[in-house]
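What follows is one structure encoded as structure tokens, with my remarks underneath.
All figures in this text were calculated on a predicted structure; none of them were measured in a lab.
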Amino acid sequence: MPLSLPQALEAEVKRQGVPADQIQKLELDQKCRAAAIQGLERFTNLVTLSLGSVNLTSLTNFPQLPKLQNLLLSDNKIAGGLEALTAAKLDQLTELDLSNNKFASLPSFKPLAGLRSLKALHVEANPADKTVKDLRQSLFKMMVALQYVDNVDPFGKERPAFEEEDDAEDVSEEEEVDADDDDGEDAEGEDVDDDEDDAGDEGETFEEEGEGGGAGGVPQQGGGFGDEEDDEDDDEEDGEEDEEVDEFEEEDDEDEEEEPTLGTAYLVGAIPPDVEDDEEEYEDEEDAASEDFDEEEDEEPVGGSVAAALQSMKRKRDEEDNEEEEDEEEEEYDDEDE
């Protein structure tokens, strides 16, 4: 026995695994039997609704679905009652498929003039398609926003396929965005936990690398023959490093042996021969430097500096004058005594 519309809706909610108010697309073609619409009130975010071949005869009490853009009701037994769609305030409805139903006259489509956003209408395989002359042109005049009737524009040009694909992609993108938002909100806590777990794993890995790593704390990778080659390379490098250390220590020992050990003898005044030789050479160098300095003073010409010569002459004259003055003072003193 076929499912009823409410039963089919419940099954679809379970299949998609999200609450009814988060579902954006319902495709229930041939999945149930329903003479009227019921049970859709909860699907407030619905963008696409397809109820083809479900034996619908009435649209009475069609719920308000403010985000609905695509309503597909083909292959049913609907003959009128389209004012129910206008009453539902489907302000974003852009495409309506009523093909292969029971609409027999032009006035039966008149309520659709209240759908201001409707751009594409499908009415083929209805009785009116045969009984109403120029049905499509009449529908264009009735609905000024309408761009296509049965995928043909007012000038007889077919609707480009990419427009249909774009409409379908827009619906899919909206569904994905909402689903991503919901998943993101649900998974935030899990991501934080995962990050903490990853951080813990990294810490453990770092410790293992520090304990089991090779030279410099770098972990050894690979196995089998590759590990043996790595071990041999490490052994060779360690051997070279040991040799370099030994050579360095030997050089230090040689330097220590070459340096004179003064010890206690130096402290009590017994200067080693090498040190005495160094002191004698240093004294000889000082004597030679002093002799050179004296020779330079002797070799310096008397008139080498005119100012110095004049000063010397002036000092001599001053001394002579002082001597003469002293002699005169003595003579005067002697005369006074007599």
Side-chain angles (χ1 to χ4, degrees), residues 24-27 29 36-37 40-41 43-52 56-175 177:
Q24 295 186 332
K25 189 174 184 179
L26 286 175
E27 293 181 340
D29 300 356
I37 298 293
L40 287 171
E41 295 82 4
F43 297 84
T44 53
N45 281 308
L46 202 60
V47 176
T48 298
L49 174 61
S50 183
L51 291 171
L56 270 176
T57 59
S58 173
L59 297 176
T60 304
N61 297 324
F62 195 94
Q64 291 187 3
L65 302 174
K67 295 185 179 180
L68 189 65
Q69 297 179 13
N70 305 285
L71 179 57
L72 312 177
L73 303 173
S74 62
D75 303 310
N76 283 293
K77 299 177 180 180
I78 306 169
L82 295 179
E83 57 272 5
L85 301 182
T86 306
K89 298 180 180 180
L90 304 179
D91 296 332
Q92 295 191 31
L93 188 66
T94 58
E95 184 162 5
L96 176 61
D97 188 354
L98 298 173
S99 59
N100 196 22
N101 273 279
K102 303 298 181 180
F103 294 96
S105 64
L106 181 61
S108 62
F109 296 106
K110 189 174 181 179
L112 298 180
L115 300 176
R116 303 294 184 180
S117 300
L118 191 62
K119 296 180 180 179
L121 177 63
H122 303 269
V123 295
E124 66 267 31
N126 274 280
D129 195 15
K130 297 180 179 179
T131 59
V132 179
K133 184 179 181 180
D134 298 328
L135 175 63
R136 291 174 180 80
Q137 292 299 324
S138 299
L139 291 173
F140 282 123
K141 292 177 182 179
M142 184 186 300
M143 293 171 277
V144 293
L146 198 62
Q147 297 179 3
Y148 299 99
V149 175
D150 298 331
N151 289 326
V152 178
D153 68 8
F155 306 100
K157 293 183 179 179
E158 292 186 0
R159 182 182 184 182
F162 69 85
E163 288 190 5
E164 298 179 14
E165 294 175 356
D166 289 343
D167 293 340
E169 288 176 359
D170 292 340
V171 174
S172 299
E173 288 176 359
E174 291 180 0
E175 293 175 355
V177 168

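- Pairing each heavy atom of R136 with each of V149, the nearest pair is CG-CG1, 3.4 Å.
- In this structure, E95 and L121 have side chains that are not in contact, with every pair of non-hydrogen atoms separated by 4.5 Å or more.
- Checking N126 against N101 by side-chain atom types alone, no donor-acceptor pair falls below 3.5 Å.
- Inter-residue side-chain proximity for L139 and V123 is flagged as met; some heavy-atom pair is nearer than 4.5 Å.
- When all heavy atoms of N45 and K67 are compared, the closest pair comes out as OD1-NZ, 2.8 Å.
- In this structure the side chain of L26 reaches within 4.5 angstrom of the side chain of L40, judged on heavy atoms.
- Nearest heavy-atom pair across L65 and L90 is O-CD2, 3.6 Å.
- Considering only heavy atoms from C-beta on, I37 comes within 4.5 Å of L51 through its side chain.
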Exercise. Going through the distances and angles, do S138 and L106 end up as a side chain to side chain contact (heavy atoms under 4.5 Å, CB included)?
Worked result: CA-CA 8 Å; S138 299; L106 181 61; 3.8 Å; yes

Exercise. Where do L118 and T94 land on the side chain to side chain contact (heavy atoms under 4.5 Å, CB included) test, with the steps shown first?
Worked result: CA-CA 4 Å; L118 191 62; T94 58; 5.9 Å; no

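- A side-chain donor-acceptor contact under 3.5 Å links D29 and S50.
- Between R159 and D150 there is no salt bridge, since no side-chain N of the basic residue sits under 4.0 Å from a carboxylate O of the acidic one.
- Within the structure, every pair that satisfies the ring-ring contact (aromatic ring centres under 6.0 Å, His included) test and touches residues 100-120, not counting sequence neighbours, is listed here: F103-F109.
- Of all heavy-atom pairs spanning Q64 and A87, the tightest one is NE2-O, 4.3 Å.
- For the pair L68/V47, no side-chain contact is recorded, criterion being any heavy-atom separation below 4.5 Å from C-beta on.
- Heavy atoms only, all atoms of each residue included: Q147 and P154 are closest at O-CD, 3.5 Å.
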